[in-house]
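Residue numbers start at 1 and run along the sequence shown. Predicted model only: the values in this text are computed from it and were never measured.
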Amino acid sequence: MLCRTLRTGKKTRLMALGCATALLGTVWHQADAQNTPSANPGWLAVEQGAKQFVMDTHKLDGAVVTIQPMDSRIKIDTCAQDIVFDQPYGNKQSVRARCAQPAWQHFVMVQVKTGLGAQLATATQTNSVNKLVWVSTQAIKRGTTVQPGMFKTAEISVPAHETRFVSDEKDMANTELLRDMPANTPLKMQDLKPATMVRRGQQVTVAVGGEGKGFLITVKAEAQQDGLLGEQIRLKNPESGRSLTAVVTGVNMARGL
């Protein structure tokens, strides 16, 4: 027995009560330990990796970074490869952990304390909504002109106040990326800019004439400046040396004025 009654009377009863309390506390502690995320395979790697990611990304000391425990009912299988961590939606209060083998992804919440005791607010389900957005189907480099097939629609959970995601495919027409985008990254309006259709020094096909004029001819000219769709640019005929003005109509294409 863990507890033994050595005396009788009031003192004995107090000792018995204290012993019972200690035993119950031990049982409760063991039960809680079985339900903590640390009992799940792979949780320790996720916790340590997410913390290190936040420290490295935001140049923080480990003493001020805390990874909040996940629901103990969520099972995290041990990852056979390196776990990849990121913050894909600009939400500094959460970190995404992804594993390729076996395939899974989980979000963990981050709490950061500064010297003034301020904390990053933790995200909750009450301020998140499911939204249909466009996400990249592959890794895409900055400066790439957006083409069909580079993005697909997907429903994801995002902060309710976030309204900058691209929702209409038309918004991607004639645009290029302002940043590198890993695969499965939601596209935001600030990630795009009008695509440069003509670049200085490139050969441009210029159409002269058109409907109503009875003729249409094309000539090759050298662009003297960059041009977006619909912009007027200066070009130079390399054979005659003459300059002309045209409106950009497509990639390395223009219509003479």
Side-chain angles (χ1 to χ4, degrees), residues 57 84 86-92 96 98 129-257:
T57 302
V84 178
D86 61 0
Q87 291 177 307
Y89 311 131
N91 184 358
K92 294 183 179 180
R96 179 173 65 176
R98 291 183 292 165
V129 295
N130 289 334
K131 183 174 292 186
L132 194 65
V133 301
W134 289 89
V135 299
S136 52
T137 59
Q138 57 194 293
I140 311 173
K141 291 293 184 180
R142 174 182 179 180
T144 301
T145 300
V146 175
Q147 300 291 338
M150 289 184 176
F151 293 89
K152 65 179 181 180
T153 55
E155 186 174 356
I156 62 173
S157 179
V158 299
H161 65 272
E162 181 60 78
T163 60
R164 296 172 294 176
F165 291 110
V166 174
S167 57
D168 193 333
E169 188 175 12
K170 295 179 180 178
D171 294 331
M172 294 185 280
N174 303 314
T175 61
E176 64 183 58
L177 290 177
L178 283 170
R179 66 183 180 97
D180 293 341
M181 296 194 70
N184 298 315
T185 301
L187 183 65
K188 295 182 179 181
M189 293 301 298
Q190 63 264 35
D191 296 330
L192 300 172
K193 73 171 185 176
T196 302
M197 297 292 180
V198 174
R199 297 188 182 277
R200 181 178 180 181
Q202 290 182 334
Q203 291 292 312
V204 179
T205 300
V206 183
V208 181
E211 294 182 5
K213 296 185 178 181
F215 67 94
L216 178 65
I217 62 173
T218 60
V219 297
K220 295 290 185 179
E222 182 181 308
Q224 302 299 292
Q225 63 187 107
D226 294 346
L228 305 177
L229 185 68
E231 283 189 337
Q232 290 188 19
I233 60 171
R234 297 187 309 276
L235 303 104
K236 181 179 180 180
N237 188 320
E239 296 181 359
S240 65
R242 295 181 57 185
S243 295
L244 64 152
T245 302
V247 175
V248 177
T249 58
V251 178
N252 294 330
M253 298 183 66
R255 182 183 70 254
L257 296 178

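In this structure a side-chain-to-backbone donor-acceptor pair under 3.5 Å is present from Asp226 to Arg200.
Residues Met197 and Asn174 form a side-chain contact, since some pair of their non-hydrogen atoms from C-beta on lies under 4.5 Å apart. Contact check for Leu187 versus Phe165: no side-chain heavy atoms found under the 4.5 Å cut-off. Inter-residue side-chain proximity for Asn130 and Ile156 is flagged as unmet; no heavy-atom pair is nearer than 4.5 Å. Leu192 has its side chain within reach of Val166: a pair of non-hydrogen atoms, C-beta onward, lies under 4.5 Å apart.
Residues that satisfy the side-chain hydrogen bond (donor to acceptor under 3.5 Å, both in side chains) test with Lys220, not counting sequence neighbours, are Thr205. Not counting sequence neighbours, Asn252 has no partner by the side-chain hydrogen bond (donor to acceptor under 3.5 Å, both in side chains) test. Scanning for side-chain hydrogen bond (donor to acceptor under 3.5 Å, both in side chains) contacts around Gln87 gives His58, with sequence neighbours left out. Residues satisfying the salt bridge (Lys or Arg N to Asp or Glu O under 4.0 Å) criterion with Asp86, sequence neighbours excluded, are Arg96, Arg98. Listed by chain and number, the residues in a side-chain contact (heavy atoms from CB on, under 4.5 Å) with Arg255 are Val247, Thr249 (sequence neighbours excluded). Arg142 meets the side-chain hydrogen bond (donor to acceptor under 3.5 Å, both in side chains) test with no other residue; sequence neighbours excluded. With sequence neighbours excluded, the residues forming a side-chain contact (heavy atoms from CB on, under 4.5 Å) with Lys170 are Asp168, listed by chain and number.
Atom-to-atom distance recorded for Met189:CE and Thr163:OG1 is 10.5 Å, nearest 0.5 angstrom. Atom OG1 of residue Thr196 and atom CD of residue Gln202 lie 9.5 Å apart, to the nearest 0.5 angstrom. Rounding to the nearest 0.5 Å places CE of Met172 at 11.5 Å from CD of Gln147. Rounding to the nearest 0.5 Å gives a distance of 9.0 Å between CE of Met253 and OG1 of Thr218.
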Contacts under 3.5 angstrom, residues 131-138 side chains, donor-acceptor by atom type, not counting sequence neighbours:
{"from": "Lys131", "atom 1": "NZ", "to": "Glu162", "atom 2": "O", "distance (Å)": "2.7"}
{"from": "Trp134", "atom 1": "NE1", "to": "Ser167", "atom 2": "O", "distance (Å)": "3.4"}
{"from": "Ser136", "atom 1": "OG", "to": "Pro182", "atom 2": "O", "distance (Å)": "2.6"}
{"from": "Ser136", "atom 1": "OG", "to": "Asn184", "atom 2": "N", "distance (Å)": "3.2"}
{"from": "Ser136", "atom 1": "OG", "to": "Thr185", "atom 2": "N", "distance (Å)": "3.0"}
{"from": "Thr137", "atom 1": "OG1", "to": "Gly149", "atom 2": "O", "distance (Å)": "2.8"}
{"from": "Thr137", "atom 1": "OG1", "to": "Met150", "atom 2": "O", "distance (Å)": "3.1"}

Give the table of side-chain donor-acceptor pairs shorter than 3.5 Å for residues 228-238, with sequence neighbours excluded, one pair per line with atom names and distance.
{"from": "Glu231", "atom 1": "OE1", "to": "Leu228", "atom 2": "N", "distance (Å)": "2.9"}
{"from": "Arg234", "atom 1": "NH1", "to": "Gln225", "atom 2": "OE1", "distance (Å)": "3.1"}
{"from": "Asn237", "atom 1": "OD1", "to": "Glu239", "atom 2": "N", "distance (Å)": "2.9"}
{"from": "Asn237", "atom 1": "OD1", "to": "Ser240", "atom 2": "N", "distance (Å)": "3.4"}

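Between Val206 and Ala246 the shortest heavy-atom distance is CG1-CB, 4.2 Å. The heavy-atom pair separating Thr144 from Ile140 by the smallest distance is CB-CG2, 3.7 Å.
Annotation: salt bridge (charged side-chain N to carboxylate O under 4.0 Å, His left out) contacts involving residues 174-183, sequence neighbours excluded, comprise Glu176-Lys193, Glu176-Arg199, Arg179-Asp191.
Open room surrounds CD on Glu169; 12 or fewer heavy atoms of other groups in view lie less than 6.0 Å from it.
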